[in-house]
Number of protein chains: 2
Amino acid sequence: MSLAHAILGFLREQAMTGYELKTLCFDHDAQHFWTADQAQIYRTLEGLEKRGHVTSRVKRQRSRPDRKVYSITPAGVEELDRWAATPAPLPPLRDPFLIQLRFADRLSDEDLLHIVRERRSAMQQRLDILRARAAEEAKGAGRDAILHRLTLGAAMSDARSTIDWLDGTLETLSDLIEQEHPTEPGTQSRLFARRTDERGSTS
Amino acid sequence: MSLAHAILGFLREQAMTGYELKTLCFDHDAQHFWTADQAQIYRTLEGLEKRGHVTSRVKRQRSRPDRKVYSITPAGVEELDRWAATPAPLPPLRDPFLIQLRFADRLSDEDLLHIVRERRSAMQQRLDILRARAAEEAKGAGRDAILHRLTLGAAMSDARSTIDWLDGTLETLSDLIEQEHPTEPGTQSRLFARRTDERGSTS
DNA sequence: CACAAGTATATGTGAAGACATATACAATGA
DNA sequence: TCATTGTATATGTCTTCACATATACTTGTG
């Protein structure tokens, strides 16, 4: 269970509540490699406590709901290290967009180009966000900081290469469409308008 | 539900049984963009039949279990086209390996390099398989064939860029380790042995 | 001859994830 | 003052996916 180990990882850095794990860790730090639901986090914490990988103590608060602060146990640390050193199988290839593309032969030219362009723009947006985060966290030469930066780099490299592939795909498809029903010069439709920028935020 | 639409796509090309969908389609054609369990396929077919997107008729066989051949209905075709033209949200970034890397700061140098190298080799293997498939199916200039090749290209481009990132990561980590505890010339450990090939099958 | 592999469908079960909703109170802002 | 936002935990339910197992007959292999 990956989520459990991600939680152990964050708790090893600092004891925290479920709420903090969600808002500080999963919504920011881990955003580019693991996203998690609030409900899932709480239920996973329960499970970890049952297994003795974490412990909790409740802190009373007058003005707010009580905080249940979770700490990692030695058994939890051991489990995390064991898991982190065990090569995991590759995640299965599974992308709904590629299903769409695979079976897009009956789509109109407009719809076909549209879904690819939308995909590109969504990817560009993701890349922009990643770049912003990378710029923020550019400091630190310790092992931690370097590992953290490497994971960000993985996400960025992935987004970047996907965008490149989408651009190639767009060209292939444009050529195909043009070839299927050639237009006279001057009659060229807006469909084939070239992108104006290659890398910048397309927003 | 992506699986349902993938099934509709294959059935639009040809009426088939659940068994054929599994062995001919999902284990081969769709291997690089959607994998599916046999049980899932059968249950999804049931659901599609209830919704009127497919119909089935049973063919008696003396020597073998009966075949239940599924065909797509007009409603199914409509649903598929509608779905294929609707831009889907990006799949969430979620990779257990990046969790491992993010929290690998307490791993030994050996373990750290080991999981990255293992990952590289698994990716290389995936890429080799994809290349073999691309070589087999290099024919065809129709829309179908081109779209199919594009999806293969997506998977290959992804694997390739991941390998590049892993190579960069390996260098970063080697440098880091060397810097943390420098070795005298001649004492250099096997840890830092360079890869012998960049792109070929590392097997 | 025994055993494995291929053809074919189906069910049981459990984990993981997605989404909604309940509770409770404080501070902030329109 | 009324509504929203933030802090904080918890439960319910549904879908998707993964893994195991049952059934049944045939063909090929050692």
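Chain letters run A, B, ... following the sequence lines, proteins first, then strands; residues in each count from 1.
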Whole-Å gap separating [atom2] ([N]) and [atom1] ([X]):
X	N	atom1	atom2	value
B:Leu48	D:dT16	CG	P	11 Å
A:Lys50	C:dA15	NZ	C1'	14 Å
A:Glu49	D:dA10	CD	C1'	14 Å
B:Ile7	D:dC17	CD1	P	10 Å
B:Asp66	D:dT23	CG	P	18 Å
A:Lys22	D:dA10	NZ	P	17 Å
A:Leu21	D:dT7	CG	C1'	15 Å
B:Ile41	C:dA8	CD1	C1'	13 Å

Legend entry - Side-chain donor/acceptor of A:Arg43 to base of C:dG17, under 3.5 Å: no

From the list [options], which nucleotide is the closest neighbour of the side chain of [X]?
X	options	value
A:Gln40	D:dT9, C:dA18, C:dG12	C:dA18
A:Asp37	C:dT11, C:dA8, C:dA18	C:dA18
A:Gln38	C:dG6, C:dT21, D:dT7	C:dT21
A:Arg94	D:dT11, C:dA18, D:dA18	D:dA18
B:Pro92	C:dA18, D:dT9, C:dC19	C:dA18
A:Leu3	C:dA8, D:dA18, C:dG17	C:dG17

Just checking [X]: base, sugar-phosphate only, or nothing, at a heavy-atom cut-off of under 4.0 Å?
X	result
B:Glu20	nothing
B:Ala39	base
B:Thr17	sugar-phosphate

Is [X] close enough to [N] that one of its side-chain N or O atoms is under 4.0 Å from OP1 or OP2 there?
X	N	result
A:Tyr19	D:dT7	yes
B:Tyr42	C:dT9	yes
A:Gln61	D:dA8	yes
B:Lys68	C:dA10	yes

Legend entry - Residue mapping more 5' on DNA chain C - nearest nucleotide basis, B:Thr23 or B:Glu46: B:Thr23

Legend entry - First encountered from the 5' end of DNA chain C, between B:Arg67 and A:Met1: B:Arg67

Legend entry - CG-CD distance between A:Leu8 and A:Glu79, expressed to the nearest 0.5 angstrom: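 With rounding to 0.5 Å, CG (A:Leu8) is 7.0 Å from CD (A:Glu79).
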
Inset, instruction - Find the distance between CH2 (A:Trp165) and CG (B:Asp158) and round it off to the nearest 0.5 Å. - result: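 Rounded to the nearest 0.5 Å, the CH2-CG separation comes out at 10.5 Å.
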
Inset, instruction - Please test B:Glu78 against B:Arg82 for salt bridge (Lys or Arg N to Asp or Glu O under 4.0 Å), starting from the C-alpha separation and ending with a verdict. - result: CA-CA 6 Å; B:Glu78 207 179 309; B:Arg82 189 200 57 72; over 6 Å; no

Inset, instruction - Answer yes if the side chains of A:Asp175 and A:Gln179 hold a donor-acceptor pair under 3.5 Å, and no otherwise. - result: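 No pair is found: no donor N or O on one side chain lies under 3.5 Å from an acceptor on the other.
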
Legend entry - Distance-only polar pair, side chains of A:Thr151 and A:His32, donor-acceptor under 3.5 Å: yes

Legend entry - Close aromatic pair by centroid cut-off 6.0 Å: A:Phe10 and A:Phe26: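 Yes.
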
